[in-house]
Amino acid sequence: MAFFNGNDEDSADKMRDMLGPTQIDQLVRQAIHFCWMGLPKHKRNVDELERQIRRLVDRALRDVREDFDEFFTDID
């Protein structure tokens, strides 16, 4: 497990180099798999899975935008 110093200005770049697109792809696929397992059996179909994943991603992105507006709009 890697740890990055929050005071290191290059820590985001170091983490990005370590993770790369392959790791992100795996995390997304794992989230999709967990969502599939979490669906009730009578709702386990690709259309419902896609609906739920899109709903969750849309909500997460909306929250990121809201948090950014709340925390970073006054930065000079």
Check your understanding: Hey, what do you get for CD (Glu66) to CG (Leu61), rounding to the nearest 0.5 Å?
Key -> 13.0 Å
Review point. Between CG of Asp63 and CZ of Arg59, what distance do you get to the nearest 0.5 Å?
Key: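 Between atom CG of Asp63 and atom CZ of Arg59 there are 7.0 Å.
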Would you say [X] and [Y] are hydrophobically clustered, going by side-chain heavy atoms of ILVMFWY under 4.5 Å?
| X | Y | value |
| --- | --- | --- |
| Val57 | Trp36 | yes |
| Leu39 | Val28 | yes |
| Phe68 | Phe71 | yes |

Practice item. Indicate whether any N or O donor in one side chain lies under 3.5 Å from an N or O acceptor in the other, for Gln26 and Arg29. Key: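 Side-chain D/A pair, Gln26 to Arg29: absent.
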Check your understanding: Shortest non-hydrogen contact from Arg44 to Met37?
Key ->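 In this case the closest contact between Arg44 and Met37 is NH2-O, 3.1 Å.
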Review point. Of all heavy-atom pairs between Ala31 and Ile53, which one has the smallest distance, and what is that distance?
Key: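 Nearest pair, atom of Ala31 first, then Ile53: O-CD1, 4.2 Å.
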**Study point:** Salt bridge Arg62-Asp58, side-chain N to carboxylate O under 4.0 Å
**Key:** no
Exercise for review: Look only at the side chain of Asn45 and the backbone of Glu48, and say whether a donor-acceptor pair between them is shorter than 3.5 Å.
Suggested key: yes
Practice item. List the steps, then state whether salt bridge (charged side-chain N to carboxylate O under 4.0 Å, His left out) holds for Arg65 with Asp69. Key: CA-CA 6 Å; Arg65 287 185 185 280; Asp69 290 344; over 6 Å; no
